[in-house]
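Residues take their numbers from the sequence shown, with the count starting at 1.
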Amino acid sequence: MFARTERLLLRPSWPEDASELHQAISDEGIVRNLARAPWPYTADDAAQFAAQEHDALYPAFLLMLRTHGAPRIIGACGIGNYDGSAELGYWIMRPYWGLGFATEASRAVVNIAKAIGHKKLVASHFTDNPASGNVLRKLGFQNTGETAQRHSNGRGAAMTCALYEKALDGAGAEPRARLSPPALTMRAQMERLQAA
């Protein structure tokens with residue numbers, strides 16, 4: 001599954017992405033705000049992520065900045081299974097913070113979640129990362145007013161998270177992401193989108 005936004009191409013990872021992915025996420029300031037990524041984030045961690053099996057119900061995307069040349073990785077966004085709930089997660093490279101890329105990519109992933117049948121998304125952010133809460137509110141997530149302790153592999157400790165949720169059924173829907181037709185292989189879809 002692929003999606004295109006105004007500035008980004010969202011696509012699954014491929015094994016050959018490992019080196020560029022490692023360079024993109026090798027920043028403690030990024031990893032400390034994630035629950036699952038370890039610190040230090042090694043080349044082996046990137047290779048494992050890039051080669052992971054793709055789950056149609058819980059898709060993960062690399063965020064490729066569309067340029068006049070080859071697109072480049074600036075982050076990742078996807079849906080994970082967290083205690084039986086569909087959870088939105090994302091990260092953006094530091095040079096691209098504050099430019100709306102997290103909101104742009106996450107909006108597309110929320111629309112994908114609706115398209116594949118999820119009825120609700122949950123999300124959270126560590127309370128010392130309020131910028132992530134701003135992204136979630138822009139996407140229409142509601143703060144539940146609750147917090148929870150969640151282990152951060154990057155910090156090596158449990159940290160307090162603010163909890164959010166968003167119903168995906170009903171009015172107030174975001175514009176749908178443009179999804180590529182599934183008849184093409186992933187590589188063929190990528191080549192077609194790069195040519196566009």
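Under a 3.5 Å cut-off, the side chain of E104 and the backbone N or O of T5 do not form any donor-acceptor pair. Remark: the backbone N or O of I92 is paired with a side-chain donor or acceptor of W97 at under 3.5 angstrom. With R155 contributing its side chain and R32 its backbone, the two residues share a donor-acceptor pair below 3.5 Å. For the pair N111 (side chain) and A108 (backbone), a donor-acceptor distance under 3.5 Å is absent. At distances below 3.5 Å, not a single donor-acceptor pair connects side-chain atoms of H54 with backbone N or O atoms of P59. Although no hydrogens or angles enter the test, the distance criterion places no donor-acceptor pair under 3.5 Å between the side chain of T147 and the main chain of T160. Within the 3.5 Å criterion, the main-chain N or O of L57 finds a donor-acceptor partner in the side chain of H118. S152 places a side-chain N or O within 3.5 Å of a backbone atom of L34 that can act as its donor or acceptor partner.
Heavy atoms only, all atoms of each residue included: L21 and A46 are closest at CD2-O, 3.7 Å.
Relative to the six-membered ring of Y82, R150 meets both conditions, a distance below 6.0 Å and an angle of at most 45° to the axis.
Heavy atoms of other residues, nucleotides or ligands lying less than 6.0 angstrom from CD of Q52 number more than 12.
One finds the SG atom of C161 at 8.0 Å from the CD atom of Q149 (value rounded to the nearest 0.5 Å). I25 CD1 to Q23 CD: the interatomic distance, rounded to the nearest 0.5 Å, is 13.0 Å. Atom NZ in K120 sits 10.5 Å away from atom CZ in F141 (nearest 0.5 Å).
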**OP:** Would you sort out whether L88 and L139 count as a side chain to side chain contact (heavy atoms under 4.5 Å, CB included), showing the intermediate values?
**Re:** CA-CA 11 Å; L88 175 70; L139 294 168; 4.1 Å; yes
Subject >> From CA spacing to verdict: salt bridge (Lys or Arg N to Asp or Glu O under 4.0 Å), E20, R72 >> reply: CA-CA 8 Å; E20 186 181 357; R72 63 179 177 270; over 6 Å; no
